Protein chains: 2
Amino acid sequence: MGNAKLYKGSLNTIILKLLDEQGKMYGYEITQKVKALTKGELKITEGALYPALHKLEAEGLLDVELAKVDNRLRKYYKLTEAGEKETVNRLAELEEFIRSMQNLVNPNWSIN
Amino acid sequence: MGNAKLYKGSLNTIILKLLDEQGKMYGYEITQKVKALTKGELKITEGALYPALHKLEAEGLLDVELAKVDNRLRKYYKLTEAGEKETVNRLAELEEFIRSMQNLVNPNWSIN
DNA sequence: AATATATACATAATTTTCTTATGCATAAGA
DNA sequence: TCTTATGCATAAGAAAATTATGTATATATT
């Protein structure tokens, strides 16, 4: 709690970015990766993650590949070609947004 | 368009921050200020701004002062004492969020 | 003089996006 | 045996925005 409600709107872009650099990932793995990368500050809930993955897939940005590991199901997601193109756009947009926020909130921070 | 939907959740903090540094501002002025500070990248819509101001006021974080300039109404908002304290907290939280996002999206960026 | 744009507020309907609460199932650790 | 971790999913509800209106005055443009 506390950090809750703070990353609204950027979850999709985070997913795309991670898939772009990791190649393929499954849902649970994404939640753990984000937790690790942000030292526990950002926690992606399953209720937000799975619908987001399904939507990105429906939009044709992700492909799914089923796998069974230790008798447990995994759904590996990876970017489609369209997904890779979209990732570039959305990442640029998110970076611009972060710079703007940074500049608004603390103009003293370096902007590089 | 484009930048739309990106600053979700942080509008309240932006308002508090601006009021903290400007002393007092009225709604329309806030929209123009944000537009200017972000070179047009962040546009606060009235449908988001006015309800947010009313809510912050209802929470006891803002005080209102009416003014009539050129026969047009203005509602100047300023931080209450509670508002000043809350601003410190919310700003810190938002800064942490920005750092996390920055680190997720582009770990090469400087973290200062 | 007429018209459009800027200034200034406000709210209702809708949509998006999240949290919270469930639910199912297997594996591993205490 | 019981709890925690792994792994998926969806439904109900809340939060926070967008979009679409509405009112009104002032200024700039044609």
Side-chain angles (χ1 to χ4, degrees), chain A residues 1-16 24-36 40-59 62 64-77 90 93-94 97 100-101, chain B residues 1-16 24-36 40-59 62 64-77 90 93-94 97 100-101:
Chain A
M1 41 181 286
N3 85 308
K5 96 182 185 324
L6 273 180
Y7 56 95
K8 283 194 179 173
S10 38
L11 175 57
N12 288 310
T13 306
I14 292 174
I15 292 172
L16 293 174
K24 64 174 186 177
M25 300 181 82
Y26 55 100
Y28 186 77
E29 188 184 10
I30 293 175
T31 67
Q32 301 307 304
K33 186 77 178 176
V34 170
K35 209 200 292 187
E41 279 181 58
L42 256 53
K43 281 167 192 159
I44 295 187
T45 61
E46 296 156 302
L49 177 68
Y50 292 115
L53 287 171
H54 300 159
K55 197 185 167 207
L56 289 170
E57 189 195 350
E59 288 169 357
L62 301 185
V64 197
E65 184 193 324
L66 291 172
K68 204 157 192 179
V69 179
D70 287 328
N71 207 33
R72 273 198 242 88
L73 184 70
R74 281 184 191 172
K75 289 176 95 171
Y76 278 98
Y77 290 91
R90 297 206 194 180
E93 204 181 358
L94 182 53
F97 165 67
S100 290
M101 288 296 294
Chain B
M1 38 166 281
N3 80 311
K5 93 181 187 328
L6 275 179
Y7 56 97
K8 282 192 181 176
S10 37
L11 175 57
N12 287 310
T13 307
I14 291 175
I15 291 172
L16 293 174
K24 64 174 186 176
M25 298 180 83
Y26 56 99
Y28 185 78
E29 188 183 10
I30 293 176
T31 67
Q32 301 307 303
K33 186 75 177 177
V34 170
K35 209 201 289 186
E41 278 180 57
L42 256 53
K43 281 169 194 158
I44 296 185
T45 61
E46 297 157 302
L49 177 66
Y50 292 114
L53 286 171
H54 300 160
K55 196 185 168 208
L56 289 170
E57 188 196 349
E59 287 168 358
L62 301 186
V64 197
E65 184 193 325
L66 292 172
K68 204 159 193 177
V69 178
D70 286 329
N71 206 33
R72 273 200 242 87
L73 184 71
R74 280 184 190 171
K75 290 176 94 171
Y76 278 97
Y77 289 91
R90 298 205 193 181
E93 204 182 358
L94 181 54
F97 164 68
S100 288
M101 288 296 296

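Protein chains get the first letters and strands the later ones, always in sequence-line order, with residue 1 at the start of each. Just so it is clear, the structure is predicted and the values come from calculations on it, not from any experiment.
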Sugar-phosphate only, base, or nothing, as touched by B/Lys68 at under 4.0 Å among non-hydrogen atoms | nothing
Hey, does B/Arg72 reach any base, or is it just sugar-phosphate, or nothing, if we go heavy atoms under 4.0 Å?
-> base
With the side chain defined as heavy atoms from C-beta on, A/Lys55 is closest, among C/dT20, C/dT17, D/dT18, to C/dT17
Of B/Tyr76, B/Tyr50, B/Tyr77, the residue whose pairing with B/Tyr26 passes ring pair (Phe, Tyr, Trp, His ring centres under 6.0 Å) | B/Tyr76
How close or far is atom P of D/dA16 from atom CG of B/Leu94, stated in whole angstroms?
-> 14 Å
Length of the CG-C1' vector between A/Leu42 and C/dC18, whole Å | 13 Å
Side chain to side chain contact (heavy atoms under 4.5 Å, CB included) between A/Leu66 and A/Lys75, worked out = CA-CA 5 Å; A/Leu66 291 172; A/Lys75 289 176 95 171; 3.3 Å; yes
d(CG, B/Leu56; P, D/dA16) in whole Å | 10 Å
Relative to the 5' end of DNA chain D, which residue comes earlier, A/Lys75 or B/Ala52, by the nucleotide with the nearest heavy atom?
-> A/Lys75
Tell me: OH of A/Tyr76 to C1' of D/dG7, nearest whole Å?
-> 11 Å
Taking any strand in view, what nucleotide pairs with C/dA13 in a Watson-Crick or G-U wobble way, both distances under 3.5 Å?
-> D/dT18
Begin from the C-alpha positions of B/Met101 and A/Leu42 and carry the test side chain to side chain contact (heavy atoms under 4.5 Å, CB included) through to its verdict.
-> CA-CA 9 Å; B/Met101 288 296 296; A/Leu42 256 53; 4.1 Å; yes
Closer than 4.0 Å, any side-chain N/O of B/Tyr26 to the OP1 or OP2 of C/dC9?
-> no
Report the distance from atom CG of A/Leu73 to atom C1' of C/dA27, rounded to the nearest whole Å.
-> 15 Å
With respect to the side chain of B/Tyr28, which nucleotide from D/dA26, C/dA6, D/dT18 is positioned closest?
-> C/dA6
Taking every heavy atom of B/Leu94 against every heavy atom of B/Ser10, the minimum-distance pair comes out as CD1-CB, 3.8 Å
Establish, with yes or no, whether the OP1 or OP2 oxygen of C/dC9 is under 4.0 angstrom from a side-chain nitrogen or oxygen of B/Tyr50.
-> yes
For A/Gly47, report the nucleic acid contact type (base, sugar-phosphate, nothing); a contact means any heavy atom under 4.0 Å.
-> base
Please state how far atom CG in A/Leu66 lies from atom P in C/dA25, giving the value in whole angstrom units.
-> 18 Å
Nearest-neighbour nucleotide for the B/Leu11 side chain, C/dC18, C/dT11, D/dA17 considered | D/dA17
Tightest non-hydrogen contact, residues A/Leu62 and A/Glu57, listed as O-CG, 3.7 Å
Grab the CG-C1' distance between A/Leu49 and C/dT20 for me, whole Å please.
-> 16 Å
For B/His54 and C/dT11, is the shortest distance between a side-chain N/O and OP1 or OP2 below 4.0 Å?
-> yes
In whole Å, what is the span from the CE atom of A/Met25 to the P atom of D/dT6?
-> 14 Å
CD1 (A/Ile30) and NZ (A/Lys35) are apart, to the nearest 0.5 Å, by 14.0 Å
Look at A/Asn71 and C/dA25 and indicate whether a side-chain polar atom (N or O) is within less than 4.0 Å of OP1 or OP2.
-> no
Among C/dT19, C/dA8, C/dT11, the one nearest any side-chain atom of B/Arg74 is C/dA8
Select base, sugar-phosphate, or nothing to describe what A/Glu46 touches, counting heavy atoms under 4.0 Å on all strands.
-> base
